[in-house]
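Inspection log for the structure reproduced underneath, given as C-alpha cells.
First the proteins, then the strands, lettered A, B, ... as listed; each starts at 1. All values below were derived from every heavy atom in this structure, side-chain atoms included, with hydrogens, water molecules and symmetry-related copies excluded.
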Amino acid sequence: MSENKDFLRVIIEEDLKSGKYKEVVTRFPPEPNGFPHIGHAKSIYINFGIASEYNGRCYLRMDDTNPTKEDTKYVEALKDAVKWLGFDWGNSVHFTSDYFPKLYDYAVELIKMGKAYVDSLDEEDIRKYRGTVTEAGKRSKYSERSIEENLDLFLRMKNGEFKDGEHVLRAKIDMNAANMKMRDPILYRIRHAHHFRAGDRWSIYPMYDFAHCLSDYIEGISHSFCTLEFENNRDIYDWVLDTLGLKSQRPYQYEFARLSINYTVMSKRKLLELVEGGQVDGWDDPRMPTIAGYRRRGYTRESILNFCDQIGIAKANSTVDVAQLEFCIRDDLNTKVPRVLCVLDPLKITIENYEGHEEIDAPYYPHDVPKDGSRKLPFSRNIYIERDDFNENPPKGYFRLTPEQPVRLRHGYIITCKKVIKDDNGNIVEIKAEYHPDSKSGDDTSGIKVKSAIQWVSAKEAKTVEVRLYDRLYSSESPESIEDLNPDSLKVIKNALIEPAVITEKPDERFQFEREGYFYADPIDYTDEKPVFNKIVGLKDSWGKKTKATQNTPKPQAKKVQVDGEVVAMNEVQKRLFNKYINEHGLNNEVANTLARDETLSSFYEKAISSLNSPISIANIVANEVAREIKENQGSQLKFSAAQIAELIKMVDDEIISNKIAKVVFEDMAKSGKNPTQIVETKGLVQISDPSKISPIIDEVIAKNPDNLAKFKAGNSKLLGFFVGQVLKATGGKANPKIVNQLVAQKLK
RNA sequence: UGGGGUAUCGCCAAGUGGUAAGGCAUCAGCUUUUGGUGCUGACAUUCGGGGGUUCGAAUCCCUCUACCCCAUCCA
C-alpha cells in the first residue's frame, strides 16, 4: 500500500477515531446485468481492500432491482471475478431482492408519514411535470391523495391489480428543487416481470434510489462508496434515511471517480454490443477489458490488484494510460515465469559445418531471477530463426545476423552467414551458415564479439503451436464506436515453432518467449495435440520504438489561449460604495471590489471602521478572512463582531501581534467567540521583535539543518522560506516574521 | 441556462500557509549471452488564467475559463 492516504481512507480514519463507527463495513454492489470489467476491479479493490485493511467487513451484494435486465449468469460472473481477485464475501452473497419485504414496509411507513404518494400520471406527463434544469417542476394532482387512499393503492399495486405503468409510488419532496433528483423521485414502479430470484412474487419493484440506501442501512454498512455520477443521488440517499428516522449507525455515501483507460471502452452497453455484434469472441475474449477477458489473456490477479493500487483514488475524471496496466503485468511476470524459445515467423538455417546432434542444458530463468530449473535444448544442423533476426541490408545499429555480422544462438553457438538463398521472387528462403565450435555458450573461447543472442529452434524437434497475437482492441485513444476498432487486434499464427520442453515438460502455464513477450497457454483451446498460446503483453522494445520513432512526427502543441469572460457590472449602490472605498479609504481595486459587491461584507466593514480608523487593514481582513468565515457558515450567526475585528486590527497596528498571529487569533474568535485581547493574553501571543532574542533561535535552526544550509549556499534560494518557517515554528509563531526574514537573510549570506 | 463536481508534468497522483512526494511514460549512462531485467541520473522556478491578502500562497479571498454529472417508471 502506498504511503499517502486517499480521501476515503482519511474519512474512515476520522470516523473510527471519533467513534462514529466501531467497525468499517462496506459492500460491493454491482447490478448483475453484464460481465464485470476492470472498472469493477477498482471498485472491488476499494471496497474489499479498505474493509480488510481496517479489520472490517465487506459484502458482495447483487443490486437486482430491475427484473427485466438482470440474469443469474451475470451473478456467477461477478462471483467468479471477486473470487479470482482473491476476496472473500463471507457466508453468503447478498441480494437486494432479499430485502424486498422490508423495503415494502419502509415504503408503507413513508406513506403513513405523508412523505410518499401514489402518482397516476403517465410516463410522459411525469417527465413533463419534472421541469428542466432551469425551470421548476410542477406537482401532480395525485399528490393530494389521502394517506388511506395511497395505502390502498400501493397495496393493490403490490397485489398486481394494475398494469405496468399505471401507477408509481413517489417520494413527496420538492418539485422545485434545484437538484433534479429531488423532484419527487419515483420509489416503486409496477413491473409484471419474472425476477430471476424472486420469481413472480412481486409485481412492484423498488428503484435504485430507494433500495440502495435502505439495503446499506439494513446490512449495517458504515461507508457506502460509489462513483461520481451518483453525487446528485446523495441527497435522496440522505433524505430517505433521515425521513424514516434511521439516524443512528447509518451509512453515508462517498463518491470517487470511475476508472477509464485509453484505447478501451468501459461502458457495459458498449461491451455488450461487441459481444452481441460478434466483434469479439464472447465476454472473455482476451481483448476485452472484462475481468474474464484479462484472465483468459493471461493477466494475473496480482498484476490487476497492483494496477488498482497504483492508479489511486480521487475525484477528478481521469483516463489512465494503458501502458500503466501493461507495466503491471510485465513487472509481475518478470520475476515469475520461465523463459523459453519460440519462433513465430521461421527462417530456415542450415549449418553446413555441423554434423550430428546435441542437447544443450539451458536454465529456464535468467541470471537476475532467483529461481532454479532448466531444460534440454536440442541442437542440430537444421534450425529456424526469426525472419526478422536476419537482415541483408541492415539499418544502422542493427545487432542481429547479417551477411557480415555473426550472431549468437541463445544458449548455443555463434553462427556466421555464408550464403543467402532466394526464390524466384527474390524472397529469402534459406540461409547457409557456419557455426563456431569453440563458441558454445558458457564455454566460449572463440573471442568473437557478437551484439546479440537470438531465439531459435531445432527443425526436427520443434513443436508446431498456434500463437494468438493480441493487440489493443481499438486504435483510437478514446474510442467511440466500432469504427474505432483496431483491425489488427488479433493475428493468429498457426505454425509457430517452439522448443519441445514447453510442450512435453509443461514447466508452467505462462512463459516469456524470449525477446518476444509474455504468453499464456489458453485455458480453453489448448490441447496436447494442438497447443495454443495467447500473447499477454510484449516485452518493452527500445529497438522497435527507435526505428518507429524516426517516422513519427513530433507534434508541437500550441498552448491554449485563455479567453476571459465579462465580469457582471456593478449596480449603482455598489458603484458608489466602490468609489468611496477607493477615494476616501484608499483601498486597492480588488479589495474595494470584493467589499462593494457583497452587502454582508460591506456593512460589516462599515461597522468595523466606525470603531477604528484603519480602513485599509480592516478592509483586508474583512475581504479575506471574514469573507471565508461567512462563506463557511452559510448564513448562520457569526461568533465575532465587527468591533472585535477592529480590536484585533488595533493590536496589529500597534505591533503587539503580527499578521500571522492575527490569523491565529481570528480562527480562535471564529470558533469560540472570545475577545481578541483576551485570547492574546491567555495564550501569551505577544510577538517577539527583539533581534537578540530571535538570533539564537535562528542559529540553532541553521545548526540543525546543515544539508539545507549547503543547498541554500549552492543557490537554492527557496530555502529561505524553509528557514523562516522553522524559526517561526520554534517560537510558536510569535517571532516577528519581518525581523526573522531580515535576520535569516543576513545570517545565511 | 439552474444545481452538483473537478482542474498539480505527456498519463495517473500526493500536498490543506514555510524545500512541488511517488508511479507510469520519455531521455541519457552503466550492467546484461533477452535491444528484456536491474542500477544511476535527467525530467513542474511552478500548480487552469488573471488579480488580491501575507515576510512567505498550489494551499486563504475575488474573478474568469475549461471539462464532467443531473430533466430513465436504468443502476
How is L719(A) classified with respect to the nucleic acid when contacts are heavy atoms under 4.0 Å: base, sugar-phosphate, or nothing? base
State whether K545(A) places a side-chain N or O below 4.0 Å from either non-bridging phosphate oxygen (OP1 or OP2) of U26(B). yes
So, does K718(A) get its side chain near the phosphate of A20(B), meaning an N or O under 4.0 Å from OP1 or OP2? yes
Tell me whether the centres of the aromatic rings in F513(A) and Y518(A) are closer together than 6.0 Å. no
Comparing nearest nucleotides in RNA chain B, the 5'-proximal residue of the pair I313(A), S717(A) is I313(A)
Kindly point out which of G52(B), G23(B), G48(B) is positioned nearest to the side chain of Q562(A)? G48(B)
Could you tell me whether K69(A) and E31(A) make a salt bridge, using a distance below 4.0 angstrom between a side-chain N and a carboxylate O? no
Would you classify G565(A) as touching base, sugar-phosphate or nothing, given that sugar-phosphate means primed atoms plus P, OP1 and OP2, and contacts are heavy atoms under 4.0 Å? sugar-phosphate
Pair of N/O donor and acceptor under 3.5 Å linking U19(B) base with N716(A) side chain: no
Return yes when atom CD of E655(A) has more than 12 non-hydrogen atoms of other residues, nucleotides or ligands closer than 6.0 Å, and no otherwise. no
Quick check: on RNA chain B, is the nucleotide nearest Q310(A) upstream (toward 5') of the one nearest V563(A), or the reverse? Name the residue that is more 5'. Q310(A)
Under 4.0 Å, heavy atoms only, any strand: does K711(A) hit a base, just the sugar-phosphate, or nothing? base
Atom CD of residue position E632(A) - does it have more than 12 heavy atoms of other residues, nucleotides or ligands inside 6.0 Å? yes
Inter-nucleotide P distance (C69(B), G52(B)), Å rounded: 36 Å
side-chain contact (heavy atoms from CB on, under 4.5 Å) partner of R400(A), the single match among N391(A), D388(A), V450(A): D388(A)
Judged by atom type as modelled, is there a donor-acceptor pair below 3.5 Å linking the side chain of D119(A) to the main-chain atoms of Y142(A)? no
C1' gap between G2(B) and C11(B), integer Å: 34 Å
For A75(B), which nucleotide in any strand shown is its Watson-Crick or wobble partner with both distances under 3.5 Å? none
Which atom pairs link the protein and nucleotides 57-59 of chain B when you take only N or O atoms and keep those under 3.5 Å?
none

Quick one: the side chain of D321(A) and the base of C11(B), do they pair up donor-acceptor inside 3.5 Å? no
Nucleotide nearest T594(A) when distance is taken to its side chain, options U19(B), G18(B), C61(B): C61(B)
Residue-phosphate contact under 4.0 Å: N593(A) side-chain N/O, U63(B) OP1/OP2: no
Rounded distance in Å between the C1' positions of U31(B) and G41(B): 15 Å
For A7(B), what is the paired nucleotide under Watson-Crick or G-U wobble rules, both distances under 3.5 Å? U65(B)
Between U19(B), C61(B), C11(B), which one does the side chain of A627(A) approach most closely? C61(B)
Within the structure, does a side-chain N or O atom of K631(A) lie under 4.0 Å from either OP1 or OP2 of C62(B)? yes
Whether N176(A) contacts G3(B) is assessed here as follows: a side-chain N or O lying under 4.0 Å from the phosphate OP1 or OP2. Is that the case? no
Is there a donor in the side chain of D216(A) and an acceptor in the side chain of S224(A), or the other way round, less than 3.5 Å apart? yes
In whole angstrom, give me the gap between the P atoms of C30(B) and U46(B). 33 Å
For the residue pair Y581(A) and N593(A), confirm or rule out a side-chain donor-acceptor distance under 3.5 Å. no
Taking atom P in both G4(B) and A13(B), what distance in whole Å separates the two? 23 Å
Per the O4'-C1'-N9-C4 / O4'-C1'-N1-C2 angle with a 90° window around 0, U72(B) comes out syn
Quick one, give me the B/S/- string for nucleotides 29-43 of chain B, reading 5' to 3', where B means a protein heavy atom under 4.0 Å from the base and S means that only happens at the primed atoms, P, OP1 or OP2. ---SBBBBB------
Between D235(A) and K181(A), is the closest basic N to carboxylate O distance under 4.0 Å? no
Provide the distance between the two P atoms, one in U59(B) and one in U54(B), to the nearest whole Å. 16 Å
Would you give a per-nucleotide map of nucleotides 70-75 of chain B, 5' to 3', where B means the base has a protein non-hydrogen atom under 4.0 Å away, S means only the sugar-phosphate does, and - means neither? BBSBSB
Are the side chains of N736(A) and Q687(A) in contact, using a 4.5 Å heavy-atom criterion? yes
Can S441(A) and R408(A) be counted as having a side-chain donor-acceptor contact under 3.5 angstrom? no
Expressed as a whole number of Å, how far does the C1' atom of A7(B) sit from that of G49(B)? 12 Å
Answer yes or no: is there an ion pair linking D389(A) with R515(A), defined by an N-O contact shorter than 4.0 Å? yes
OP1 or OP2 of U54(B) less than 4.0 angstrom from a side-chain nitrogen or oxygen of N620(A), does that happen here? yes
Would Q253(A) and E255(A) count as having a side-chain donor-acceptor pair, cut-off 3.5 Å? yes
Can you say whether a donor on the side chain of Q726(A) sits under 3.5 Å from an acceptor on the base of G18(B), or the other way round? no
Listed nucleotide nearest any side-chain atom of E590(A), set G52(B), C11(B), G23(B): G52(B)
Does any N or O in the side chain of D64(A) come within less than 3.5 Å of the main-chain N or O of T96(A), such that one atom is a donor and the other an acceptor? yes
